[in-house]
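Worksheet for the structure shown next.
Nothing fancy with the numbering, it's 1 onward along the sequence. Indexing begins at 1, ligand by ligand and atom by atom, following the structure's order. This is a predicted model, so every value here is computed, not measured.
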Amino acid sequence: MENKRENFGSRLAVIFAMAGSAIGLGNIWRFPFMVGEHGGAAFILIYILATLLVSLPVFICEVTIGRRSRQTAYNAMPTLKPGLRLGRVAGFLSVLVPVVLASYYSVIGGWSLEYFFQAASGRIVRQSPAEVTTVFETFISSPWMPLTTHLLFLGICAFIVARGVKSGIEKFSKVSIPVLFFLIVGMLVYSVTLPGSAEGVRYMVHPDFSQINARSLAYALGQSFYSLSLGAGAIVTYGSYVKKSENIIVSSAATAVSDLLFAILAGLAVMPAVFAAGIEPGAGPGLVFQTIPFIFSSLGANLPIISTVCAIAFFLAITVAAITSEISLLEVAVSYLHDKFGLSRVWSSVLVFVFCGLVGALCSLSFGPLAAFKLSGMGLLDLFDWLCSNVLMLLLSLISVIFVGFFLGKENLRDELSNGGTLPLGRGLFNILYFAIKWVAPIAIALIFITNFIL
Ligand code: TRP
């Protein structure tokens, strides 16, 4: 086993790195439109429960697998239990999921880039609030613009990965994530003052459980995994960099809670404005890209300069958050090609760029020229998104909890979570956690997985 592995410097550094992977388009782009499509406040409650009861135990399992094996996800389970076929399946999924995810993530990254350009040129603030939806629809249905921004976004990320200059961007994200946080809080305060927003506030705080069915449960769990970067090999890989003296439970819980907070704040900032703008809450992937410009354009009517500065900062911050997520996704495939086939990092990056570029291009065109092509009612981007978060991520997470619960075993888990007995780990807490890992999480994931296919 290699023990020379670099370590994260301190507890805060661990939490920052993991929260950096978790906080991204998942919170700001995906969460609000999931809430809008699956029943508002009731969906949020289920999402919170899913995060605490299922995702947090899965998160702890992934960090444990990573730190105990000190390997990237592809090799982690095979190192801990050589010869176990399940471990090899998990290794394969930990390369496949990030590549598929990176392909369409880059399309949405491209949209953020486009809106950053629009903010910088002053267009977002100059347009009237009524024009916002048409501007978005024209952009998204034209074949070339979204395709160009997708390839530009992917190209920037592939370049960063090829050159191994990630640390520069990551330093930048330490500034942009807090900036994003304050901007979201500011937007939240402003959006509840918009005329017509009261209905949106109601929608976010009054749960209507008649909207909830087995499908919404599956989407809530899928969103929670997506948002915490679970089931994609990412947290296992981060886990392998966590110091042996670090407290896994505390770092995991802190990451889960900050990610949850970010998503809920983003939802609360967006939804009142959705109603104020008269946009359909179930509008799908375009929801945020219509609503946020509406907020800035309304604010711009009275305070054009402040609004322009905030719009630029906002779209720059989410573009940076998206870049850091995209590079960690591409890194998986690039290091796999490099390690397994001895390709240079540059050639590996080129290959990954071409593959993700093509798959992403199809997703991008699914809003324009390929809009008529649908499989069970879903366009290509929605289909890939569903495949990742409602099928593959659930599957890989299921394997991780079964691996820890049944193959790694209780004593090894206790040893890893208590750092070899040096950390106080209450018996009660440990037993509850172990029960959640061994029984609650696998049964919940399996049930949701199955009903997802039946319904
Ligand atoms: N959690 C990220 C977000 O919210 C998306 C994501 C899912 C991700 N899995 C990942 C990012 C793996 C990096 C690595 O945007």
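Checked by atom type and distance alone, the side chain of Ser216 pairs as donor or acceptor with a backbone atom of Asn213 at under 3.5 Å. Side chain of Asn27 to main chain of Ser227: no donor-acceptor pair is present (N/O by atom type, distance under 3.5 Å, no hydrogens or angles).
Residues Tyr104 and Phe384 keep their aromatic ring centres 6.0 Å or farther apart.
Applying the salt bridge (charged side-chain N to carboxylate O under 4.0 Å, His left out) rule to pairs touching residues 321-342 yields Lys166-Glu331, Glu331-Arg345, sequence neighbours excluded.
Using a 4.5 Å heavy-atom cutoff, the side chains of Leu447 and Thr451 are not in contact.
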Which N/O atoms of ligand 1 sit under 3.5 Å from a protein N/O, and at what distances?
{"from": "ligand 1", "atom 1": "1 (N)", "to": "Ser21", "atom 2": "O", "distance (Å)": "3.4"}
{"from": "ligand 1", "atom 1": "1 (N)", "to": "Ala22", "atom 2": "O", "distance (Å)": "3.1"}
{"from": "ligand 1", "atom 1": "1 (N)", "to": "Tyr226", "atom 2": "O", "distance (Å)": "2.9"}
{"from": "ligand 1", "atom 1": "1 (N)", "to": "Ser227", "atom 2": "O", "distance (Å)": "3.1"}
{"from": "ligand 1", "atom 1": "1 (N)", "to": "Ser229", "atom 2": "OG", "distance (Å)": "3.0"}
{"from": "ligand 1", "atom 1": "4 (O)", "to": "Ala22", "atom 2": "O", "distance (Å)": "2.7"}
{"from": "ligand 1", "atom 1": "4 (O)", "to": "Gly26", "atom 2": "N", "distance (Å)": "3.2"}
{"from": "ligand 1", "atom 1": "15 (O)", "to": "Leu25", "atom 2": "N", "distance (Å)": "3.1"}
{"from": "ligand 1", "atom 1": "15 (O)", "to": "Gly26", "atom 2": "N", "distance (Å)": "2.9"}
{"from": "ligand 1", "atom 1": "15 (O)", "to": "Tyr105", "atom 2": "OH", "distance (Å)": "2.6"}

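When each of Val320, Leu183, Leu316 is checked for a side-chain contact (heavy atoms from CB on, under 4.5 Å) with Ser176, only Val320 meets the rule.
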